[in-house]
Each structure stands twice: as C-alpha cells, then as structure tokens.
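Worksheet: the structure to be examined is printed underneath.
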Amino acid sequence: MNLFSRHFFLLLWCCFVSVYANGVSGLNHDGLALMSLLRKWDSVPASIASSWNSSDSTSCSWLGVRCDHRSHSVVSLNLSGYGISGPLGPEIGQLKQLKTVDLNTNYFSGDIPSQLGNCSLLEYLDLSANSFTGAIPDSLKCLQNLQTLSLFSNSLSGEIPESLFQNLALQVLYLDTNKFIGSIPRSVGNLTELLELSLYSNQLSGTIPESIGNCRKLQSLSLSSNKLSGSLPESLTNLESLVELFVGHNSLEGGIPLGFGKFKNLETLDLSFNSYSGGLPPDLGNCSSLKTLAIIHSNLRGAIPSSFGQLKKLSRLDLSENRLSGTIPPELGNCGSLMSLNLYTNELEGKIPSELGRLNKLEDLELFNNHLSGEIPISIWKIASLKYLLVYNNSLSGELPLEITHLKNLKNMSLYSNQFFGVIPQSLGINSSLLQLDFMDNKFTGEVPPNLCHGKQLRVLNIGRNQLQGSIPSGVGGCSTLWRLILRENNLSGALPEFAENPILDHMDISKNNITGPIPPSIGNCSGLTFIDLSMNKLTGFIPPELGNLINLEEVNLSSNHLEGPLPSQLSKCHNLGKFDVGFNSLNSSIPPSLRNWTSLSTLILNENHFIGGIPNFLTELGKLTELQLGGNFLGGEIPLWIGSLQSLQYGLNLSSNGFVGELPSGLGNLIKLEQLQISNNNLTGTLAALDKIHSFVLVNISYNHFRGPIPETLMNLLSSSPSSFWGNPDLCVSCLPSGGLACTKTEVSRRCRRDLGIEHDAEIAAQEDPSSLLHKWVTSVWSSTEDINKIADSGLREEFLDSNIMNQAIDVLLVALRCTEKEPGRRPTMRDVVRQFVKRNASIRGKPS
C-alpha cells in the first residue's frame, strides 16, 4: 500500500469514529443548554435529576421538556411547582425555538437573564412565585410574539420599563406583588390586544394614565395596593369589556366617574380604601352583570341610590366605613341574589326596611355603627339562610321574637349597645351552632338561656351590662369551646358553675353581680385564662389553690367580695401576672414570700383586708411594680428603707390605715415618679423631709399621724387644695419666708412655724364662702389654731368633757365629720375607713384601765 493510500485510509477511519461517537452518545445543542442550566441549580428534585440524562441524544423525553417532532428542538419548558432553587442561567437564551417557558412556583433567585430576549418565538413566559430580584430586563422588548408575561410574586424592583409595552401582541401581563416603583408607563395604551393587566401590591405612584382607555379589550384591571393618586380617569369608561376592576388601597381622590353604567359585562367593582369626594353614581345600577360592589372606607357621602335595587345578580354589596346618610333604600330588597350586605360605620338613620326580608339568600347582614332606630323587622328574623347579624351601636329597640330560635344557620348575632329589652328566648341555641353572641349594653331581663352552647361551637358569650337575673346555667361552665365569657354588671345570683376542661377560655368577667358561695376549684380547668374578674360579688370562702394552675394569667381581680383565709402559695406559679387585685375582702395571714415569682407584676392591690406582718422585702424583686396598695390592713413595724428601691412606682403607694411606726425613711425620696402617696391613719413620726424632692405628686394624704415640723414646699399646692389630707398632725407647720420662699396665702389652715395663725384672719376668708362651707371653714380654722374642742362644741357639753374618754371620742367624731364633709368627694374617706377608725379607737379605750 503506497503512502497516499495509507493517508486516505487513516482519514476515512477518523471520520467514521467521529460519526459513530456522535451518533451513539452525543447530546444535541438544546440538550446541552438544558444540562448547563441544571448544573447551576442548587436544589433539584430526584424526578428531574434522574430524567435529565446526558447520555441521551436529545432532551425530548426529559421531564418538563417538549420538542418539535422534526427538528428535536425544545419548544416548551414546563417545570412549575418542582421546588427548584438557584439562578436561571443565561443558557436559557440558547433555546431559540422556545414558545413556552413555565417555571412558576419554585425558588429561582437572582436576576431574570437578559438572554431570554433571544428566544424571539416565545409566546408564553411564566416566572411567577419565585424569588427573582432586580429589574425587568430591557431585552424582553424583543419578544414580539409574547402573549402572556407573568412575573408576579417575586422581589423585582425598579421601574416598569416603557419598552415592555412595545410587545404589541401581549394579552396577559401580571406584574403584581413585587417592589416596582415609579409610575405606570403611559405607553400602556399601546397594548390594544391586552385582556388582563395586574399591577397590584407594588409601590407604584402617580396617576392612572388616560391612555389606559385605549386598551378596549381589557377584561381585568387590578391596580390595588399601590400609592396611586389623582382621580379615576374618565377614559376608564371606554373599557366596556371589563369584567373586573380593582383600584382599592390607593390615595385616589375626586369623584367616581359617571359612565360605569355602560359596563354590561362588569362583575366585580372594588374601589375601596381611597378618598373620593361626592357620592355614589346612580348609573352603577345599570351594571346588570354586577356580582360584587365594594367601595369601603372611601369618604363617600350622600344617600345610597335606590337604583341599586336593579342589580339582580349582585351577591355582595359593601359600602361600609363611609359617611353615607339617609335611610337604607327598601329597593335593595329586590336584589334577590344578595348574600352579603355590609353598610356598617356610616351615618344611616331611620328604620331597617322590612323589604330586606325578601333576600332569601342573605347570609351576612352588617349594619352596626349607624343611627338606625326602631325594631328589626320580623321578616329579617325569618331569613333561613342568615348566618351573621351584626347591628350593634345603633338605637334599635324591641324584644327578640321566637323566630330567632329557628335560624339553624345562625353563627354570630351581635346586638350590643342598643335598647333591646325583654326576655331572651330561652330555647335560643338549641337549633343552631352559635359561634358568637354579644348582647352587651341593652336592657334584657329574665334568665340566661340554658342552651346557648348546645351546638358545641360557642366561642364568645357577652351578655354583660343588662338586667339579667337568676343563676348562671351549668351549660356555660361546661362549654369547652368558649374563648370569651362576659356576664358583668347584671343581677345574676347563685353560685358559680363548675367549669369543664377548657384550654381555650382566655377572658372571664363575671364582676358586679350578686354571685354567692365559693370560687369553685374547677376554675383551674380553664388553663388558658389570661384575665379573670370576679370582683364586686358576694363570694365567700378561701381562694382555691387551683387558681395557681392558670399559669397564663395576666390579670386577676377578686376585689370587693367576702373572701377569707391566706393567699395560696400556689399562686406563685402565675409568672405572667401583671395585675393582682384582692382588695376589700377579709383575707388574712402574712403576705407569702413565694409571690416573689411575679416578676411581671405592675399592680398589686391588697388593701382593706386583714393581712399582718410588715411590708415584705421580696417586693424589691418586682422591678415593674407601678402601683402598690396595702392600705387598711393590720401591717406594722417601720416603713423599710428599701422602699426607695421601688423606683418604678408611679400610680400609687398606699400604706394608710395600718399600724406603721417610726419616721419616713429617707429612701422614700427616691420615688421621683410617684403620683399618689397615702400613709394616713398610722403612728408615723418625724418630719416630712423625705418628701421634699418628689415633684410628681398629684395626691398626698398624711393625715392622722404624729408628723412635726414644716410642710415641704413640694406639698404646698396640695395643702391648699386638700387641707384635710394633712389633719391630725398638730405639730406640722408652714414656713413663711419674707422673700425667696413661700408666701402665706389665705387658704392655709396649718399654723405658721414659730407664729400663730389668727382666728380673725380665717373668719375673714370664711365670710367670702357660701353658707354651707362657712361652718366647715370656721371649725377647721378654730381646731387648727387651738385644738380645743370646748371652743367648737356646745357649751352645755363642757361638764361631760371632764371625762377625758368622752372628750377624746367627741374629738374623733369631729375630725371624721370634717373629713366626710370635704368639698371634693374624692378626698372623703370610705365608710370602711370610718368604721375602722372607730373600731381602733374603741379597742384602745377597752385596753386602758378604768
């Protein structure tokens, strides 16, 4: 074989090997591009990884890939909902025959590749519901065959490019739920084939361009939840093909254009949450296909047009939170398809028209916060489909008819703050599965219906502030679905019911009734409670230790009952307590130190009980305490120096009517936020110097102690406005400096330091007062200057006063009388204070040898 032959044979062999290799294992161009995309993705499901095989000759059999049968070029890539993450690489632009790309609902991130502009045959591009960022690439203007572009629910930003609206074939454009800024391009009017445009939930500003009116084929326009301003353009009325129009949640102004009545195909119109001027155009009643009309919170005025009664297909009418006035048009009763009628929070007046009873599909009727009056028509109580009836905060009246007990679909009936009266039908709840019943602030009488929770779904029972009587039904305590229970301010009597296991109940208020008997231990079954108010009843017995099981409690009020015994130590488990009030009971023993666990506590009210011991030092650990009420107990000892460490105290410190002795600790002056200090009726001594630096006081009562020396300058205004708050401290005086200090005013009743205050001076002041206060002022001044009962009492009693016990008792009566006739009612003592003072006085007399 010659040299030429050898070379020719070698060349032929190489060509054969090359052809064989490509024919057996070579992946075509589009397949290689897809594999390049795959390698850039961070997470790919196994179904794709196993299907996309590089040993294949084409990608036509791969999952999500569709090819042209002749060229084997990829024409469709659909990987929606596979959970793929990572960037979309520029290799996508190599698939030149692509007509469809659907990658929605994945986790793609990064920029949209500009190379997509190379896919000039693309008709459908859906990258929605991913995490793409950056701007829309300008290269998309090259996609002149594109009919659908869906980029919603990403994090795209920047302005919407004008060039995008050069794609004249576009029929569907979804750019909503991104971060686009700037205005809607005026070139939007170029898209004359556009059927759907969705730009809602961005940060677009400026006005809606007039050119939108050129998109005459538009069927759906959604511009809600942006920052658009200006008026609705008149050109909107050109869009007679519209089926849906959403422009809510913007800052649109001006009137609602006339001409919407031409929209015979319009099914949904939502113009809510804007600031229009004027009222509702009557021609909206001509939109014969309308199913939903919502113009909420948009400053609408005037009347509701009677023409709305022509909307036979209307299923939802919501005109709430406006300033609509006049009456509810009875013509609305002609809207036979209506399922939801919301007219709440307007200025509507007059009666509810009986014609609404013809709405036999109505499920939701919300008319609350208006000025409606009269009775609810009986025809409404007969609408069998009714689920929600909310008419609270009106002036409605009348009795509830038995027909309400036949409403099997009834879920929520809220009638509070009206003038309904009479007995609540006792069978209410038997035929329905109530979720919420709110009758608060009416004049209902009779008993609480026993079967309100019959359907085992009741979440809210609020019938407080009525005139209900009888006992609380056992079914209320056994209702394991209750979330809120409010029975306050009625005339309910009898015992509290036993409570079933209920982790849902959050709020219980049965205050201001006539409930008797003990608090049942079963209240501990309501483990989700955060609020309990059983105050102002006639409860007796001990506080049950099971209350400590309620570890979510934030506020407890058991005040003004007849509870006795110690505070159970189990309460220390309630770590979230912010307010604890058991005042005005007969609780005793010392305050348990285990309560130091209440580190979230801001208000502690233990006043008017029989607690003994001293002020517990664990209070220093309650760093959020703003109010401490310990008055009216049998606490004693000195006020501790550490009291000054309670520097969060602001609203009140009450230690009055106890047995505290000694001087005021200097640390008390550290309570620089304190507004009210009550330490009256103790045996405290020394000066008031500790109070000299507290400028926040609005009320101070130091009466009936043994303080001496000058009253601090910081208290002088309080001395002038409430002199009785300083009585019973004969050694207190007022410093009157000739200059640079306090000037003695004519309202002072305390003696001047080192100088007497003349009686004639007080008489001069008293002469300017009305007769009812003259005697009070005169007695006050005489007693302040002389402390001699003989100069005030009838002279015929002087012989009786030879007995010092009788004289001291007369002085006590005089001082109490002066306090009880204080000009400001808030300064007068409670009856319990008066009784306690006399009891202590009698006890001290009995303790002395005769």
Side-chain angles (χ1 to χ4, degrees), residues 30-54 59 62-66 74-96 98-120 122-143 146 148-161 163-164 167 170 172-182 197-204 222 225-226:
D30 284 6
L32 291 171
L34 288 173
M35 289 302 297
S36 295
L37 287 174
L38 177 66
R39 284 192 286 270
K40 287 185 167 63
W41 296 341
D42 301 324
S43 176
V44 180
S47 56
I48 293 177
S50 60
S51 171
W52 289 30
N53 194 335
S54 59
S59 57
W62 293 359
L63 184 65
V65 178
R66 189 165 57 84
V74 176
V75 295
S76 175
L77 179 62
N78 187 344
L79 299 175
S80 63
Y82 279 99
I84 302 169
S85 64
L88 179 60
E91 293 83 359
I92 190 76
Q94 298 176 22
L95 305 174
K96 300 294 180 64
L98 269 178
K99 292 184 178 180
T100 297
V101 173
D102 190 349
L103 303 179
N104 83 79
T105 317
N106 283 288
Y107 301 99
F108 285 109
S109 56
D111 292 345
I112 296 174
S114 61
Q115 289 79 1
L116 268 171
N118 298 332
C119 305
S120 58
L122 206 58
E123 298 174 356
Y124 184 97
L125 176 58
D126 188 350
L127 304 179
S128 60
N130 279 285
S131 300
F132 286 111
T133 55
I136 297 176
D138 192 58
S139 61
L140 295 191
K141 67 184 179 184
C142 301
L143 306 179
L146 195 64
T148 296
L149 175 59
S150 181
L151 303 178
F152 71 86
S153 293
N154 280 285
S155 295
L156 298 170
S157 57
E159 297 190 5
I160 300 173
S163 59
L164 190 62
N167 299 39
L170 268 177
V172 177
L173 179 57
Y174 294 152
L175 302 181
D176 56 89
T177 322
N178 280 286
K179 299 177 181 178
F180 292 120
I181 59 172
L197 175 60
S198 183
L199 304 178
Y200 74 86
S201 289
N202 280 288
Q203 300 173 33
L204 298 172
S222 182
S225 300
N226 279 287

For [X] against [Y], the heavy-atom pair lying closest together:
X: Pro87; Y: Lys40; value: CD-O, 3.3 Å
X: Ser50; Y: Ser47; value: OG-O, 3.3 Å
X: Ser54; Y: Met35; value: CB-CE, 4.1 Å
X: Ser114; Y: Ser139; value: O-OG, 2.6 Å
X: Leu116; Y: Leu127; value: CD1-CD1, 4.3 Å
X: Glu91; Y: Ser36; value: CG-CB, 3.5 Å

[X] versus [Y]: any side-chain heavy-atom pair under 4.5 Å?
X: Asn178; Y: Phe132; result: no
X: Leu143; Y: Leu149; result: no
X: Asn154; Y: Ile112; result: no
X: Phe180; Y: Ile136; result: yes
X: Asp126; Y: Thr148; result: no
X: Leu95; Y: Leu34; result: yes
X: Ile84; Y: Leu103; result: no
X: Asn167; Y: Leu173; result: no

Atom [atom1] in [X], atom [atom2] in [Y]: separation rounded to 0.5 Å?
X: Leu146; Y: Glu123; atom1: CG; atom2: CD; answer: 8.5 Å
X: Ser120; Y: Leu98; atom1: OG; atom2: CG; answer: 10.5 Å
X: Tyr107; Y: Ser131; atom1: OH; atom2: OG; answer: 8.5 Å
X: Ser150; Y: Leu125; atom1: OG; atom2: CG; answer: 8.5 Å
X: Leu79; Y: Asn104; atom1: CG; atom2: CG; answer: 10.5 Å
X: Trp62; Y: Asn53; atom1: CH2; atom2: CG; answer: 7.5 Å

Checking the side chain of [X] only, and the main-chain atoms of [Y] only, is there a donor and an acceptor separated by less than 3.5 Å?
X: Asn130; Y: Asn106; answer: yes
X: Asp176; Y: Ser201; answer: no
X: Ser51; Y: Leu63; answer: yes
X: Asp102; Y: Ser80; answer: no
X: Asn202; Y: Leu175; answer: yes
X: Ser85; Y: Ser43; answer: yes

task: Using the side chain to side chain contact (heavy atoms under 4.5 Å, CB included) rule, take Asn78 and Thr100 through it: C-alpha gap first, then chi angles, then the decisive distance, then the call.
output: CA-CA 8 Å; Asn78 187 344; Thr100 297; 5.8 Å; no
Check your understanding: Among Asp30, Val75, Leu77, which one satisfies side chain to side chain contact (heavy atoms under 4.5 Å, CB included) with Val65?
Key ->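 Result for side chain to side chain contact (heavy atoms under 4.5 Å, CB included) with Val65: Leu77.
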Should the ring pair Trp52 and Trp41 be called parallel, tilted or perpendicular, given that the plane angle runs from 0 to 90° and is split at 30 and 60?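 It falls in the tilted class, 30° to 60°.
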Q: Verify the neighbour count for atom OH of Tyr200: are there more than 12 heavy atoms of other residues, nucleotides or ligands below 6.0 Å?
A: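 No, OH of Tyr200 has 12 or fewer neighbouring heavy atoms, counting only those of other groups under 6.0 Å.
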- request: Go through the steps to decide whether Glu159 and Ile181 satisfy the test side chain to side chain contact (heavy atoms under 4.5 Å, CB included), and finish with yes or no.
  value: CA-CA 5 Å; Glu159 297 190 5; Ile181 59 172; 4.2 Å; yes
